[in-house]
Amino acid sequence: MTSPFFRQFTLPQHLSRLAVAGLFSALSVPVLAATINISLDDDPGKLDPTQSSMIVERIVYQSIFDKLVDLDENGKIIPMLAQRWTISDDQKTYTLYLQKGVKFQDGTPFNAKAVEFNFLRGQEKNSLRRNDLKYIKQVTVVDDNTVKIELTAPFAPFLSILTDRAGMMSSPTAVKKFGEDYVNNPVGTGPFIYRSRLKGASITLEKNPHYWQAGLPKADGVVYKIMNDVNVAFNNLRSGQVDITNRFPYKEITNIEAGAKYTVINKPSLGFRGFYLNTSKPPFDKKEVREAVDILIDRNAIAKVVYNGAVAASHSPFSKAQFAHGEADAPPKVDLARAKALLKEAGKEGGFSFKLTLPTTPYELQVGQMIQGMLRPAGITVTLEKAELATQIESGKAGTYEALFVGWSGRPDPDQNVYDFAVTNGSLNYAKFGTKAVDDLLQQARLENNDAKRKVAYDQAMQILVKEVPYVYLNHDNVLFGIAKSVKGFKYVPDGVIRTATLTK
């Protein structure tokens, strides 16, 4: 059907066919190079990879910062700013050969000195990447495009770590210029340039006209819109106000109307969801109490009722997408009699009560309500308390909670899903748990380069952790995005992060 525009358009007779072609080409530009609007379910905190702890920050970073290496759609490590690399026979020296002619968005050259600067900065005491990079002993600038990294010991996850925040490169010039305010003035080599933000509402980026990857980015800009309510984001997707949502209502997965202008990306991720138990104080200082809670929870029921099947019930940090996935991931059968026996052994035969601190999302509240009902037959009373993520993290670090519902978006190497959570004094070990046997096994897995041997160590560590229960694993999330059918160039990657360089509409 001819649109009203073309019915009313009268072509002047003196225009040549070539001019007509040019005119219609010009008219089509806004369609081919538009702004991509993406809703985020939380407001990113600090726009500096060394200070980051939120998944929504990682989503924004992908547009601003390139990494030394990246992941493909199968979760395999691929070149990015490092076009290739070699690893020494003793697995302790990595030599990165960098892309040539790349510049940061402020014009600063990207080179080996910039890599050295970023690694040293990532190791500073105030950096949240210091644990990721603690094995780096020496960084040597060989020449402008070659950098050598010597480790104190073999560290199998090293390249995997560089696919995320520790591998994101910031402009040394901008870091020095802005100082502490760099968190509000990020500068990378990525496809889009940070322009402005309205706290709690939006972050606006525009196309990097000098991006080093030919033909990218496709879009003119990206706007991240903060929409804490997943249903509000969904309505904006349906109306066309946003093009991609980083969360999608679980109930709507199987309820997409005919002729809908959107679709759903619903694929396995690397992450997990569950809650910490504070082992440093009663009632969870006794492992029998922790195990009782663990075996009272029907994970399959939660997956079905709350998440509409868009998660996999679990009992470990390792999803099927990781080589460390094993028998420990099978959820235990609900066993009320065994739970009561464990409570009696712990001197809690009459039951007890505790507070479970939850995110503010309606789904996690529903999970909390189901857990309340599942624990009640054993005499356990659960009080639910909602808190923002930043508040939860601070409570976890301080150890001031009883039970804390905090998930993890997942990383490609299994070390990054378990080490800091379970090793004594680990940076994410909010449970305050520690045992030498687990420490030794997780360290062994870090030093071993053979995946089969590493899996044996992880299997042995999980045999201990499923009995000690410092963390109650509930499920593995799926990557669940809503995406307008008008969007072209979307690529699913199992790390759950939206890459924008190839997007257009």
Side-chain angles (χ1 to χ4, degrees), residues 48-55 57-59 61-62 65-72 74-82 84-88 91-96 98 114-124 127-139 147-170 188 269-272 317-319 321-324 408-423 426-429 442-449 451 454 457-458 493-497 499:
D48 175 359
T50 69
Q51 302 300 315
S52 172
S53 59
M54 301 170 68
I55 177 64
E57 292 167 344
R58 293 174 64 210
I59 292 174
Y61 294 161
Q62 294 289 332
F65 301 99
D66 289 323
K67 299 162 291 187
L68 291 169
V69 288
D70 201 5
L71 297 177
D72 68 10
N74 297 311
K76 301 299 183 183
I77 296 172
I78 58 174
M80 199 171 198
L81 287 173
R84 63 185 180 91
W85 54 87
T86 59
I87 307 172
S88 63
Q91 309 293 316
K92 292 166 63 174
T93 301
Y94 289 69
T95 303
L96 307 182
L98 309 177
V115 175
E116 178 188 38
F117 175 89
N118 276 272
F119 279 152
L120 294 176
R121 181 171 182 257
Q123 289 181 305
E124 292 174 357
S127 168
L128 297 183
R129 308 283 77 78
R130 63 187 182 278
N131 259 1
D132 294 337
L133 301 174
K134 70 178 182 179
Y135 282 90
I136 295 180
K137 178 175 69 174
Q138 179 71 37
V139 181
V147 61
K148 183 183 294 185
I149 303 106
E150 298 174 63
L151 307 182
T152 56
F155 182 46
F158 184 64
L159 280 179
S160 175
I161 281 172
L162 299 185
T163 68
D164 193 40
R165 288 172 282 214
M168 293 179 181
M169 296 290 103
S170 288
S269 80
L270 301 167
F272 59 82
F318 308 129
S319 75
Q322 291 166 319
F323 70 80
W408 181 245
S409 56
R411 303 294 186 273
D413 191 283
D415 174 89
Q416 299 165 273
N417 273 22
V418 69
Y419 187 89
D420 283 334
F421 294 86
V423 75
S427 61
L428 296 171
N429 188 349
L442 295 182
Q443 183 67 13
Q444 178 185 328
R446 282 191 146 186
L447 301 179
E448 175 58 60
N449 199 50
D451 285 353
R454 294 183 72 199
Y458 288 128
V493 179
D495 63 0
V497 178
R499 287 153 171 81

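Position 1 is the first residue of the sequence, and the numbers go up from there. Owing to the predicted nature of the structure, the values given are computational and were not obtained by experimental measurement. Hydrogens, waters and symmetry mates are skipped; everything else that's a heavy atom, side chains included, is used.
Shortest non-hydrogen contact noted between Thr50 and Gly122 is CG2-CA, 4.5 Å. Considering all non-hydrogen atoms of both residues, Leu151 and Gln91 come closest at CD1-O, 4.3 Å. When all heavy atoms are compared, the tightest approach of Pro494 to Asn74 is CG-C, 4.4 Å. Residues Phe65 and Gly188 approach most closely at CD2-CA, 3.7 Å, considering heavy atoms. When every heavy atom of Ser269 is checked against every heavy atom of Ser319, the shortest pair comes out as O-OG, 3.2 Å. Between Arg499 and Val497, the shortest heavy-atom contact is NH1-O, 3.2 Å.
Put simply, the side chain of Arg84 never gets that close to the backbone of Ala82: no donor and acceptor are under 3.5 Å apart. Side-chain N or O atoms of Gln123 include one that pairs as donor or acceptor with a backbone N or O of Leu133 at under 3.5 Å. With hydrogens and angles disregarded, no donor-acceptor distance shorter than 3.5 Å links the side chain of Thr95 to the backbone of Ile87.
One finds the CG atom of Asp415 at 7.5 Å from the CG atom of Asp420 (value rounded to the nearest 0.5 Å).
A heavy-atom distance below 4.5 Å is not found between the side chains of Val139 and Phe117. Within the 4.5 Å cutoff, the side chain of Phe119 has heavy atoms near those of the Ile149 side chain. Between Leu71 and Ile77 there is a side-chain heavy-atom pair separated by less than 4.5 Å. Residues Ser170 and Arg121 are in side-chain contact: their nearest non-hydrogen atoms beyond the backbone lie under 4.5 Å apart. Side-chain atoms of Ile78 and Val69, non-hydrogen and from C-beta on, never get closer than 4.5 Å to each other. Within the 4.5 Å cutoff, the side chain of Leu270 has heavy atoms near those of the Pro412 side chain. Looking at Leu68 and Met80, their side chains never come closer than 4.5 Å, going by heavy atoms from C-beta outward. You'll find the side chain of Arg165 reaches within 4.5 Å of the side chain of Tyr61, heavy atoms only.
Checking Arg58 against Ser52 by side-chain atom types alone, no donor-acceptor pair falls below 3.5 Å. Using modelled atom types and a 3.5 Å distance limit, the side chains of Lys148 and Gln138 yield no donor-acceptor pair.
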Test side-chain contact (heavy atoms from CB on, under 4.5 Å) applied to Gln443 and Tyr419, step by step: CA-CA 8 Å; Gln443 183 67 13; Tyr419 187 89; 3.3 Å; yes

CA sep, side-chain torsions, deciding dist, call: Asp164, Arg411, salt bridge (Lys or Arg N to Asp or Glu O under 4.0 Å): CA-CA 8 Å; Asp164 193 40; Arg411 303 294 186 273; 3.1 Å; yes

side-chain contact (heavy atoms from CB on, under 4.5 Å) assessment of Leu96 paired with Leu98: CA-CA 6 Å; Leu96 307 182; Leu98 309 177; 4.2 Å; yes

Stepwise salt bridge (Lys or Arg N to Asp or Glu O under 4.0 Å) test for Lys76 and Asp70: CA-CA 8 Å; Lys76 301 299 183 183; Asp70 201 5; over 6 Å; no

Criterion side-chain contact (heavy atoms from CB on, under 4.5 Å) on Met168 and Asp66, from CA distance to verdict: CA-CA 6 Å; Met168 293 179 181; Asp66 289 323; over 6 Å; no

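Residue pairs meeting the side-chain hydrogen bond (donor to acceptor under 3.5 Å, both in side chains) criterion with at least one partner in residues 149-158, sequence neighbours excluded, are absent.
The side-chain hydrogen bond (donor to acceptor under 3.5 Å, both in side chains) check on Asp72 picks up nothing, with sequence neighbours excluded. With sequence neighbours excluded, the residues forming a ring pair (Phe, Tyr, Trp, His ring centres under 6.0 Å) with Phe318 are Tyr458, listed by chain and number. Every side-chain hydrogen bond (donor to acceptor under 3.5 Å, both in side chains) that Asn417 has, sequence neighbours left out, goes to Trp408. Every residue two or more places apart in sequence or in another chain was checked for a side-chain hydrogen bond (donor to acceptor under 3.5 Å, both in side chains) with Gln51, and none qualifies.
A cation-pi arrangement, defined by a distance under 6.0 Å to the six-membered ring centre and an angle within 45 degrees of its axis, is absent between Arg454 and Phe323.
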Side chains of residues 153-161: which donor-acceptor pairs under 3.5 Å do they make with residues two or more places apart or in other chains?
residue	atom	partner	partner atom	Å
Ser160	OG	Asp413	N	3.2
Ser160	OG	Gln416	OE1	2.7

